[in-house]
Amino acid sequence: MATPNISNTLRRSLLIKVISKAVPSKEDINSVIELTASKVVEALQAQSMTFYLVEGNEIAFKQVYYSPTLWGADKAKEKKFQETAAKLLALRLPLGTGNVGKVIQSGEPIFFRHSDNPEQMASMAKTTGFDVKSMLTVPLKSTITLGAIQVLNKEEAAGTGGEFTDADLTLLKEVSEYSSALIHRMVDPKFQPNADDTAKFVSKLTEHPLVTAPEQIEIDDKLIEVVGDAVIRREGIFPHKRLSPSSVAVLMTNPLDYAKRESFTQTTEMSIEEVSVVSATLFETLLKKFFKDTKAAGSAGPGEIDMNAVTEVIQNAYSADGDAKELSAKDLESEDSAPIVQLANRIIEDAYISGASDIHIEPQEKDLCVRYRIDGLCQEKLRLPKQVTGSLIARLKIMCNLDISERRLPQDGRIVFKNYTKKNMDLDLRVATGPMKDGEKVVMRILDKQKSTLPLPALGFSDENLARYRDCIRQPYGMILHCGPTGSGKSMTLYAALAEVNTPDVNIQTAEDPIEYTLPGLNQMQMNRTIGLTFARALRCYLRMDPDIILVGEIRDEETAGIAVEAALTGHLLVSTLHTNDAPSTVARIGEMGVECFNISASLVCVCAQRLLRRVCKSCKMPYEPKDRELDIMEKALGSKIGQIFKANPQGCPTCNGTGYKGRVGIHELMVNSEELTEGINKEAEVAVLKRIAMKNGMKTLHQDSMLKVKMGLTTVEEALSNVPPDLIL
């Protein structure tokens, strides 16, 4: 016997499932029924509720609910009600049978009270097994009658003597009305409910106010301009009113999508205090009103390219036999004339909206593959005809001022995208091209200049590591290094650290290639190797500009390493990055660059190795108890008993786009210098020896920290082990 009083968490997941699916399955009918039944019982305080659907020439029982007040502490009575519910759910009635049949045939509700019709109530009591004091039955009507909802008796606690009121009838008719369209969509996928009906359903189920016209709300044009259409489209959240300097009122089609709400808050640094529901149509209308050149919000959701638009672009660029039309250099340079220009822009815009960090344009033997890296994994998004390759890559080269005639050598460049789009997207792309077997490959790293840095506590540091790291960044001088592969979050951590110590009395100067984030109060310099502006030259310049803290984007060569150590030894705090596998091996890497070991030990404050692991989706993660090898690995790493952990749902959910993972979390290996470690560095000890010394002094390895994140329910064992293998010295 299913209980319709479902939890808010389950209600949220059911609602997301129902309104997010482009093509619903018949199984989704149960989700709508559960949501509707929950609302009926909650709003009417019904003692019994039955949900009927028409199936062919029969009426099927789809949901049967009995309140625990019907049996109290009597276990035998409870079992009897459970058996009755099970029998009813297996039962089919011919159309036209009983009160339910009359309601379905006539399309009109029936309302009986004991005081008005005691004989009818007595007859129903024989069938139900309990005294019936009141009965409401309303039809489920869309363009056709789909079924009915019947409720019996109001709970005694409601104070109406068990009888429903006229207000209850009005409310039940309303619930039936806004549920019917969605149920019709589930039964018949060809039927498309009105967007307003869906919005009404969401509003009623979530108890958020419904906005049906722009005139109903106050709209702050300046606020919308500050947030920008890119963020509004990506998150599906329209901020319309500022409630305080750091909070806003917003419009959403699905107010229970907390992943989007959290992402909006992190991006804009404004908390969402009030949420109203709007239809997808009204959301699109508002976007068109305020961003005239903006792509419609519903035409391609996050993670999807508008395939109709792409097809149109390709058809415009190529003749019927597949041959490329003549595209002159002038065509490629004009944003409005060449279809290939539109295609290049659409790919970049879609990748940004999808939350991708990189775009891969890869020529294959028979076609052109476009992939995005999202949450650390490459995902194929598009396959284009082979003929597109030359024109598309030439267009991208023109956007970053590269030589389009040179196809045999790798080239590097940068795209300032706001120069090529009318949309409010302030992002740069770091571009690398290289000759492959089937043509030139292009990889573009997206640098979102609108994205703000996260605070240190949001980066995944354990409490112990966070306290130690905060002590390190407040040292007056020395060298702090972050190591890890490309895309492991080194830059974000450095910027978050600088944001904590960035005060008016501190002079912070940075040398970067490229400048990934713009922070107020920092003096940032962009490197330019073509004119000889390198990290080493920038460092020499900074040592004469009275700095307190210097950030060097990366220590790549002997000259930069030498000047960096010199700066750290002469009263400056220097922070930088290095490409090594773990923290202890960083010492050996700097030594290979020609820095004396005694200078390394004297200048080093700490080394932080890091990686980014995919977060297991909060909405669909599955709990389980680890066993055998998994349990052994975790207990060995953490030295404590392991309870329940989580694994990714193989089917996923709409929140995570069916992947089972959403977002990423950092893991860290923080090696802080100590007297014993200094002695080991000076003796040129091996990496394994330095690692043991650091662990003795409190360092948790990357593997140990990854297992801690698994234990905390943030990621999975599979994800942790695929990024960091178990430690050999544990």
Side-chain angles (χ1 to χ4, degrees), residues 2-3 6-10 12-14 16-17 27 30-31 258-259 374-379 459-466 484-485 488-489 581-584 609-670 688 691-692 694-696 698-730:
T3 303
I6 55 180
S7 68
N8 286 332
T9 302
L10 181 55
R12 181 171 73 244
S13 63
L14 289 174
I16 289 172
K17 178 182 177 184
E27 289 73 22
N30 296 329
S31 298
Y258 290 107
I374 301 174
D375 287 343
L377 290 184
C378 277
Q379 302 176 16
L459 299 182
F461 279 101
S462 65
D463 293 340
E464 181 184 350
N465 278 345
L466 181 60
S488 59
N581 286 331
D582 58 11
Q610 60 187 89
R611 300 286 190 280
L612 290 175
L613 304 184
R614 291 183 297 164
R615 286 181 182 267
V616 65
C617 177
K618 297 177 184 177
S619 300
C620 64
K621 62 184 181 182
M622 302 166 63
Y624 76 105
E625 298 283 341
K627 296 179 181 178
D628 304 327
R629 184 170 179 270
E630 279 188 358
L631 185 61
D632 292 341
I633 289 173
M634 291 192 69
E635 288 183 344
K636 189 176 180 182
L638 300 178
S640 61
K641 281 197 169 186
I642 309 299
Q644 178 181 277
I645 61 174
F646 294 90
K647 61 182 177 181
N649 188 329
Q651 280 74 45
C653 69
T655 304
C656 59
N657 291 323
T659 64
Y661 293 91
K662 180 71 174 178
R664 290 193 287 177
V665 63
I667 57 170
H668 305 87
E669 180 176 280
L670 186 62
K691 189 169 187 174
R692 287 192 182 92
M695 291 176 68
K696 182 181 175 183
M699 181 185 84
K700 296 291 186 292
T701 66
L702 284 170
H703 171 64
Q704 289 175 315
D705 200 39
S706 70
M707 290 298 112
L708 178 62
K709 299 302 189 294
V710 173
K711 185 178 180 181
M712 292 167 65
L714 300 177
T715 188
T716 65
V717 174
E718 293 84 355
E719 176 68 10
L721 293 178
S722 68
N723 281 271
V724 184
D727 295 307
L728 296 176
I729 65 173
L730 283 179

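Note that the structure is predicted; figures quoted are calculated from it, not measured.
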Main-chain N/O of Leu613 paired to Lys709 side chain as donor or acceptor, under 3.5 Å:
no
Distance check, rounded to the nearest 0.5 Å: Lys647 atom NZ versus Thr715 atom OG1?
14.5 Å
Within the distance-only criterion (no hydrogens, no angle test), does the side chain of Asp375 pair as donor or acceptor with the backbone N or O of Gly663 below 3.5 angstrom?
yes
For Glu625 and Ile642, run side chain to side chain contact (heavy atoms under 4.5 Å, CB included): C-alpha distance rounded to whole Å, both residues' side-chain angles, the deciding distance at 0.1 Å, then the answer.
CA-CA 8 Å; Glu625 298 283 341; Ile642 309 299; over 6 Å; no
Taking every non-hydrogen atom, the tightest pair across Lys711 and Ser640:
NZ-OG, 3.3 Å
Output for pair (His703 NE2, Met634 CE), nearest 0.5 Å, gives 9.0 Å
Go through it in stages, so that I can follow the logic: the residues are Ile667 and Val724, the test is side chain to side chain contact (heavy atoms under 4.5 Å, CB included), and I'd like the CA-CA distance, side-chain angles, deciding distance and then a yes or no.
CA-CA 10 Å; Ile667 57 170; Val724 184; 3.6 Å; yes
Gap between atom CD of Glu464 and atom NE2 of His668 - 0.5 Å precision
13.5 Å
Within the 4.5 Å heavy-atom criterion, are Val616 and Glu719 side-chain neighbours or not?
no
Which heavy atom of Asp705 sits nearest to which heavy atom of Ser462, and what is that distance?
OD1-CB, 4.2 Å
Chi angles and distances behind the side chain to side chain contact (heavy atoms under 4.5 Å, CB included) call for Arg614, Asn723
CA-CA 10 Å; Arg614 291 183 297 164; Asn723 281 271; over 6 Å; no
Met707 and Ala720 have their tightest heavy-atom pair at CE-CB, 3.5 Å
Quick one: closest heavy-atom pair of Thr716 and Phe646, and the distance?
CG2-O, 3.7 Å
I'd like to know if the side chain of Glu669 reaches the main chain of Met699, judged simply by a donor and an acceptor atom lying under 3.5 Å from each other, with no hydrogens or angles considered.
no
Roughly how far, to the nearest 0.5 Å, is CG of Leu631 from CD1 of Ile645?
8.5 Å
To the nearest 0.5 angstrom, please state how far the NZ atom of Lys700 sits from the OG atom of Ser706.
13.0 Å
Which atoms form the tightest heavy-atom contact between Gly643 and Pro626, and what is the distance?
O-CD, 3.3 Å
For Ala583 against Ala609, the heavy-atom pair lying closest together:
N-CB, 3.6 Å
Would you check if Lys621 and Lys662 make a side-chain contact, meaning some heavy-atom pair closer than 4.5 Å?
no
Looking at CG of Leu670 and CD of Gln610, how far apart are the two atoms once the value is rounded to the nearest 0.5 Å?
10.5 Å
Worked verdict on Arg611 versus Leu702 for side chain to side chain contact (heavy atoms under 4.5 Å, CB included):
CA-CA 8 Å; Arg611 300 286 190 280; Leu702 284 170; 3.9 Å; yes
